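Here the structure is laid out as C-alpha cells; the discussion comes afterwards.
Chain letters run A, B, ... following the sequence lines, proteins first and then strands; every chain starts at 1. Predicted, not measured: the structure shown is a model, and the values here were computed from it.
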Amino acid sequence: MKVVEINEVQKTYHDTEVEVRAVNGVTLSFEKGDFAVIVGPSGSGKTTLLNLIGGLDQPTAGEIIVAGHRLSELKPSELIDFRMEHVGFVFQSYNLIPVLTAAENVGFIMSLQKWPKEKRMARTDELMEAVGLSDRHKSRPSQLSGGQQQRVAVARALAPRPEFILADEPTANLDSKSAETLLDIMEKLNREEEMTFIFSTHDVRVMKRARRVITLEDGKVVSDVRTNHSA
Amino acid sequence: MKVNQLAWRNLWRNRKRTLITAASVFFAVFFALVMRSFQLGTYEKMYSDVIQSYSGYLQLQNPSYLDEPNLDNGFTVDSVLVSRLEKDPNVEAVVPRIESFALAAAGSRTQGVMVLGVEPESESKALNIRNRIVRYKLTPEALEALKGEDLPSRLGKNFELFAGEAFTEAKDMASILGVGKRDTASLLPVLTRHTAYPGSYLSSGETGYAIIGNGLSDYLGAVPGDTIVLMGQGYHGTSAAGLYVVRGVVSMPNPEIDNRFVCITLDDARWLYAAPEMATSAIIGIRNSEEKELAATQERLREVAGDELAVRNWKEMNALLLNQMEADNKSGAIMIGILYLVIAFGVFGTVLMMMAERRREFGMLISIGMRRGRLAGVVGLEMLLIGLLGVVAGVIASLPVVFMGHARPLRFTGEMARMYEDYGFEPVMPMLLPDTYYLWQVVVVLLILTVAISFSVRKIFKLNVINALRA
Ligand SMILES: Nc1ncnc2c1ncn2[C@@H]1O[C@H](COP(=O)(O)OP(=O)(O)OP(=O)(O)O)[C@@H](O)[C@H]1O
Ligand SMILES: [Mg+2]
C-alpha cells in the first residue's frame with residue numbers, strides 16, 4: 001500500500017540572485033512499513049524533499065499525494081491539521097517543548113487531537129516504555145541527554161499513529177551509542193507498529209540499518225536501492 | 001495540555017524577565033496612580049477652598065454681572081423669590097451679599113481692596129469665613145517671647161522662616177513649624193500662649209466693624225482694634241466712605257484674596273455704597289454638592305429664577321482658576337504619558353526578545369500540528385498575565401498610600417512649606433481617593449498590552465515555518 005506518492009516534483013528557490021533548484025524532478029513513492037533513508041551531499045535537497053512530503057512547504061511543480069490527500073489542494077490551515085493527523089516529525093534538535101515533562105511532550109499531539117485522557121495516558125506509558133524511558137515521565141527536556149530527548153521526540157511523533165514519520169538527520173547531534181539506541185528503537189517500532197519511517201542522513205550507521213537507500217544529487221534521485229538486510 | 005496551562009508554565013521559564021517586565025509595569029502604574037492622586041487631590045482642595053471660602057457652589061446674579069462684576073450690575077433682593085428658591089430640597093439657604101471695590105487706608109498706607117458685605121449669621125450656611133479667623137500668629141512680639149523659652153534649636157530656624165505667618169488651628173501651626181508628634185503635647189501650650197492672636201467674627205446687628213485678610217493686615221499694619229478707612233464709589237456713581245474697626249483677621253487660602261480681603265456686614269455695605277435692598281450676588285448654600293445633583297439643582301433654580309436673574313455654578317464663576325488647573329493637568333498628563341511610553345518600549349523589548357528566542361520552538365509547534373491561532377492564544381495570554389500582574393500589584397500597592405494620603409494629607413514643613421506659600425499654594429498635598437483615574441491607568445496598560453500582543457500575534461501568523469526550523 002502506497003503511503004506517499006511523489007510525481008515529478010520540483011522546488012525552486014528565488015531568494016538569492018541565482019535560482020536554486022533544490023528539488024528537481026523527483027518521482028518516488030513510499031510503501032507502508034518502509035524504513036527508508038535519503039542520503040546525498042550537503043545541499044542536495046534532502047531537507048527540502050522531506051519538508052515537501054510533510055506538507056511544510058509547497059512544490060513549485062509536480063504533485064504529492066499523502067494518504068489520499070493531494071497536498072496542493074489543501075489551504076494553509078488545513079495543512080496544519082493534515083500534519084497533526086497524518087505526519088510525525090522528528091527534527092535534528094530542539095524537538096521538545098521545554099516547559100512540558102517528557103510524558104507531557106509525548107502526549108502533546110494526542111491532546112491536540114483531543115484523545116480522551118485514559119487512552120492518552122496508556123499510549124504515553126506504552127511509548128515511554130518502548131523508548132526505554134519509563135522512569136523519566138516527569139523529567140523536563142533540559143534534564144534529559146540529547147539521545148533521550150530524541151527518543152522522546154520519536155515517541156511523540158509516533159504516539160497518535162500517523163501515516164509515517166519524517167526524521168531529518170535525527171542522529172546528527174548524537175554520539176554513536178545514543179545513535180545506535182535510537183536506531184534500535186526506531187527499527188523495533190517500525191516492526192512492532194508497522195510504522196513507516198523516512199529519514200535523511202549523512203550518517204553511515206543509519207544508512208547501514210536502512211532497508212531502502214535513496215540517493216539525491218543536485219535535487220535529483222540518482223539511485224534508489226532496496227537492501228535485504230533486516231533488523 | 002490546555003492553552004492557559006502552557007502559558008502559565010512559559011511565564012516562569014524565564015522567571016527574571018517575567019518579573020522585571022511585570023515590575024516595570026508595576027512601578028509605572030504605582031507612580032502614575034500616586035502622582036495622579038496628588039495632582040487631582042490638590043485641584044479638589046483648591047476648588048473646595050475657593051468654593052467654601054468665597055464663591056460657593058451656586059450664586060444668584062444679575063446676568064451681566066459675570067462679565068462685568070460691579071455694583072451697577074447688582075440686583076434688588078426679592079424676599080419672595082429668595083423664599084421660593086429656599087424651598088428647593090437641595091437648597092440650604094440663599095445668602096445675599098455685596099462684593100465691590102474700595103480703597104482701604106490705615107495710618108499712611110493705602111491698598112485697593114475687595115469689600116464683601118455679608119449677613120454674618122446666614123453666611124456661614126454657605127461659606128466658612130468664620131472658620132478662618134486667625135487665632136495664632138508669629139508676630140515679632142510673639143517671636144521675641146518665644147526666644148526666651150527653652151525650645152529645640154531647629155524650631156528657631158522655622159520661626160525665622162515663618163515670621164508673620166498666621167494660623168487658624170494650633171495643630172496646623174505645630175505641623176508647619178515642624179514640631180514632631182512626640183513634642184506636640186509639651187510644646188504646644190508654650191507656642192499657643194505666646195502666639196495667641198485677638199479677634200473674632202462679625203455679628204449681625206452690630207455696625208462699624210470689619211474683618212480683614214491676613215495679608216492686608218500686614219500691609220496696612222492694621223490689627224484688631226485699629227480703625228481702617230474705606231473709600232470708593234457707590235451705586236450709580238455716588239461717593240462712598242466709612243470708618244471701620246478691625247474685629248478680626250482671617251487667613252484666606254488664596255494669597256490674591258488674602259492681600260485684598262475686607263468683610264463687613266451686608267447692612268454696612270449697603271449703607272457704604274448707598275445701595276439699600278441690593279446685592280451683587282446671593283450665595284446659594286447647597287446640601288448635596290455631587291456633580292450631577294448640583295447640575296440638576298442649578299437647572300431647577302433657573303426655572304424658579306426666571307430670565308431676570310442668572311444662576312451660576314462655581315465653574316462658571318471660577319473660569320480662570322479652572323483654566324489654570326486644566327493647563328497644569330495637561331502637563332501632568334504629559335508626564336504620565338512619557339512614563340508610559342518608556343514602559344511601552346520596555347514591554348515591547350521583552351516581546352521582541354521573547355519572539356526571537358522562541359522562533360524555532362514556534363516553528364516546531366506549527367510543524368507538528370499546533371494551529372497558529374492557538375499558539376497566538378498561548379503567547380497573548382502570557383503577555384496579558386505579565387501585564388495584569390503588574391497592574392494588579394501596582395493598584396494594590398497604591399491603595400494604602402492613597403487612602404493614607406487622603407485621610408492624613410501630606411503637610412510640608414520648613415522651607416518646603418515657605419516655598420509653597422510663596423507660590424500662592426497652601427503647603428498641603430491631599431490625595432484624591434480612587435476614582436475614574438484608576439480606571440484610566442488600567443486602560444492605558446491594557447492598550448500597551450494590546451499593541452504588544454497584536455504585534456506578536458501578527459508575527460506568529462506570518463512566521464515562515466521552514467525558515468524558523470532552519471534557524
Ligand atoms: N529557504 C531557502 N531559500 C533559498 N535557498 C534554499 C532554501 N532552502 C534550501 N535552499 C537551497 O536549496 C538547496 C537544498 O537545500 P537542502 O537544505 O534541502 O539540502 P540538504 O540536502 O538538506 O543539505 P544538508 O545535508 O546540508 O542538510 C541548497 O542549495 C540550499 O541552499
Ligand atoms: Mg538538510
Take a 6.0 Å sphere around [atom1] of [X] and say whether it holds more than 12 heavy atoms from other residues, nucleotides or ligands.
X      : atom1 : answer
B/F348 : CZ    : yes
B/E290 : CD    : no
B/R13  : CZ    : yes
A/K32  : NZ    : yes
B/W440 : CH2   : no
A/E19  : CD    : yes
B/M353 : CE    : yes
A/Q113 : CD    : yes

Begin from the C-alpha positions of A/I80 and B/R372 and carry the test side chain to side chain contact (heavy atoms under 4.5 Å, CB included) through to its verdict.
CA-CA 9 Å; A/I80 296 183; B/R372 289 170 196 258; 4.1 Å; yes
Is there a side chain to side chain contact (heavy atoms under 4.5 Å, CB included) between B/M364 and A/L96? Walk through the geometry before answering.
CA-CA 8 Å; B/M364 179 270 290; A/L96 303 180; 5.8 Å; no
Indicate yes or no: at least one non-hydrogen side-chain atom of [X] is less than 4.5 angstrom from one of [Y].
X      : Y      : value
A/V99  : B/W12  : no
B/R371 : A/S77  : no
A/L100 : B/R9   : yes
B/M370 : A/R83  : no
B/L469 : A/Y94  : no
A/L56  : B/I366 : no

Segment of A/P98 engaging chain B (4.5 angstrom heavy-atom cut-off)
side chain
Is it the backbone or the side chain of A/S93 that comes under 4.5 Å from a heavy atom of chain B, or both, or neither?
both
In Å and rounded to the nearest 0.5 Å, what is the CD1 to CD distance from B/I466 to A/Q58?
10.0 Å
Hey, what do you get for CG (B/N10) to CD1 (A/I97), rounding to the nearest 0.5 Å?
9.0 Å
If you compare all heavy atoms of B/S367 against all heavy atoms of A/F91, which two are closest, and at what distance to 0.1 Å?
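Distance-wise, the nearest heavy atoms are CB-CZ, 3.6 Å.
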If you take all heavy atoms of B/R374 and A/L112, which pair is closest and at what distance?
NH1-CD2, 3.4 Å
Pick from A/D81, A/I109, A/N51 with the largest number of heavy-atom pairs that fall under 4.5 Å of chain B
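Maximum pair count with chain B is reached by A/D81.
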When only pairs under 4.5 Å are counted, which of A/N95, A/V87, A/L79, A/T48 shares the most heavy-atom pairs with chain B?
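Highest number of heavy-atom pairs under 4.5 Å: A/N95.
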